[in-house]
There are 2 protein chains.
Amino acid sequence: MRADAARNRAKVLEAARELFAEQGFEVPLDEIATRAGVGPGTVYRHFPTKQALFQAVTEERVAAMIATAGEPSDDPGAALFAFLGRMADEAAVKRDLSDAITVPTELRKSMQAAIGSLLADAQAAGAVRADITAVDLIALMKGLMQSMQEGANPAVLLEIVLKGLQSSR
Amino acid sequence: MRADAARNRAKVLEAARELFAEQGFEVPLDEIATRAGVGPGTVYRHFPTKQALFQAVTEERVAAMIATAGEPSDDPGAALFAFLGRMADEAAVKRDLSDAITVPTELRKSMQAAIGSLLADAQAAGAVRADITAVDLIALMKGLMQSMQEGANPAVLLEIVLKGLQSSR
DNA sequence: TGCCAACCGGGGCGTGCGTTCCGTATCGTC
DNA sequence: GACGATACGGAACGCACGCCCCGGTTGGCA
């Protein structure tokens, strides 16, 4: 790869990181190109499609989150709640995480699998109500993350959801 | 108004009711016109803008909901929960209610005012946690209603949110 | 029945977006 | 320093959508 090509690729990635975080997947690709100081054509030389660029940007961050979820814990309920809390914290600041669950990529499935596994363990330990499925929880979290981007108080919303998830006894 | 004009207006309203309920505000206006068996121009003869048509469709339903919220109750907590439950029930079947909170119309403000008043009463009675604002609650409900349209179990999601709203003692 | 106003349909305009194309500039090698 | 491959930029394309316009049609009153 030529030196200028590598330079431009890095500039595009950085601009995309910033703008996807600020505005989510909806941000026009031309805007990313402008911020990177290149033309739209250059973006497409490095990434075949807008989704591929989005995936390249969110990949490592989401992969890191999933990795932490894989470690076994002696308190499965706390592990799930910590994971959801981490998701919420990220979503409160960056708009791209909630899209990462929806936009069809490889990561989306891994993310869903990770949440499903954490949920199953927490339910087996009796820490979370048994009548909720992974699909329900993911939908709930997506809604929660969208709510956070509308001027609501993220911490309170997270507390409400976590409290509601606890198994009622 | 001429007879055929009234007939077409009614056909447009019915098509809009169906399609807004199925697909939300995002549905293309041309699709509504097609379902109604008229041209797009005819829609605009009766409604100056797409939002006006949306408002005409959702107006009475939302107004009815707001009316029930206005009645004073001896159990403010139950009143709020019943109202939120009614919202959730509607949203579980029709996609337009969650948009009605967001699309800028007259109703949106009334809706927000009604929720705010119900919430204040419920908080004064100690039934709902004091650290949540009307903005938070509306954002939460919007996220909840969006979650319901993704294959999740509406009843469980509502239970979780309502439980989380209760004041922890 | 005849006439005019009201109304209709659908083609068309402007806009915004993802994506592609191609003439030009730049890099790295001989 | 020159040359070929590589990469660049931005104009242009295709599409979808909200909205408008106009030639033709239809309804209802005299």
Side-chain angles (χ1 to χ4, degrees), chain A residues 1-59 95-96 98-100 102-106 108, chain B residues 1-59 95-96 98-100 102-106 108:
Chain A
M1 179 144 74
R2 254 165 57 171
D4 56 345
R7 213 162 32 234
N8 276 327
R9 193 189 145 92
K11 284 197 292 182
V12 167
L13 272 174
E14 182 174 345
R17 232 188 308 271
E18 294 172 10
L19 285 170
F20 280 142
E22 286 170 20
Q23 306 182 36
F25 184 72
E26 300 301 318
V27 66
L29 195 128
D30 287 30
E31 202 170 321
I32 295 176
T34 302
R35 163 106 47 135
V38 303
T42 302
V43 177
Y44 280 93
R45 175 161 315 277
H46 294 291
F47 303 95
T49 184
K50 189 188 175 187
Q51 291 190 5
L53 174 60
F54 184 75
Q55 178 164 356
V57 163
T58 48
E59 197 155 39
R95 280 211 61 202
D96 52 356
S98 58
D99 289 336
T102 310
V103 175
T105 65
E106 292 303 310
R108 197 186 48 141
Chain B
M1 177 144 76
R2 256 167 56 169
D4 56 344
R7 212 164 32 237
N8 276 328
R9 192 189 145 92
K11 284 197 292 183
V12 167
L13 271 174
E14 181 173 345
R17 234 187 307 271
E18 293 172 12
L19 285 170
F20 280 143
E22 286 171 20
Q23 306 181 35
F25 184 72
E26 299 301 320
V27 67
L29 195 129
D30 287 28
E31 201 171 321
I32 295 176
T34 303
R35 164 106 47 133
V38 302
T42 303
V43 177
Y44 280 95
R45 176 163 316 279
H46 296 291
F47 303 95
T49 185
K50 188 187 177 187
Q51 293 190 4
L53 175 59
F54 184 75
Q55 178 165 355
V57 162
T58 49
E59 197 156 40
R95 280 211 62 202
D96 52 356
S98 58
D99 289 335
T102 310
V103 175
T105 65
E106 292 304 309
R108 197 187 46 143

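Order of the sequence lines sets the chain letters (A, B, ...), proteins ahead of strands, with each chain counted from 1.
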query: For the residue pair Phe54(A) and Phe20(A), does the interplanar ring angle fall in the parallel (under 30°), tilted (30 to 60°) or perpendicular (over 60°) class?
result: perpendicular

[X] [atom1] to [N] [atom2]: how many Å, rounded?
X	N	atom1	atom2	answer
Met1(B)	dC7(C)	CE	P	8 Å
Arg45(B)	dG10(C)	CZ	P	14 Å
Asp30(B)	dC15(D)	CG	C1'	13 Å
Asp4(B)	dA6(C)	CG	C1'	8 Å
Lys50(A)	dT20(C)	NZ	P	14 Å
Glu31(B)	dG18(D)	CD	C1'	14 Å
Gln51(A)	dC17(C)	CD	P	17 Å
Phe47(A)	dG18(C)	CZ	P	15 Å

query: Is a side-chain N or O of Arg95(A) found less than 3.5 angstrom from the main chain of Glu22(A), in a donor-acceptor match?
result: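 It does not hold such a pair.
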
query: Under 3.5 Å, side chain of Lys50(B) to main-chain N/O of Phe25(B), donor-acceptor pair present?
result: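 Yes, the answer is positive, given that a donor and an acceptor are paired below the 3.5 Å cut-off.
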
task: Using a cut-off of strictly less than 4.0 Å between a heavy atom of the residue and any atom of DNA chain D, enumerate the qualifying residues of residues 12-29 of chain B by number.
output: Val27(B), Pro28(B), Leu29(B)

When you check the phosphate oxygens OP1 and OP2 of [N], does a side-chain N or O of [X] lie under 4.0 Å from one of them?
X	N	value
Thr42(A)	dG9(D)	yes
Arg2(A)	dG28(C)	no
Asn8(A)	dA7(D)	no
Tyr44(B)	dC19(D)	yes
His46(B)	dC8(C)	yes
Thr49(A)	dT19(C)	yes

query: Using a cut-off of 4.0 Å on non-hydrogen atoms, how would the nucleic acid contact of Ala33(A) be classed: base, sugar-phosphate, or nothing?
result: nothing

query: 5'-most contact on DNA chain D: Arg7(B) or Pro48(B), nearest heavy atom basis?
result: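 Its nearest nucleotide being more 5', the pick is Pro48(B).
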
I need the [X] [atom1] to [Y] [atom2] distance, nearest 0.5 Å.
X	Y	atom1	atom2	answer
Glu31(B)	Arg35(B)	CD	CZ	7.0 Å
His46(B)	Lys11(B)	NE2	NZ	10.0 Å
Arg9(A)	Met1(A)	CZ	CE	6.0 Å

- prompt: Hey, are the side chains of Glu18(A) and Glu14(A) touching, using non-hydrogen atoms and a 4.5 Å cut-off?
  reply: yes

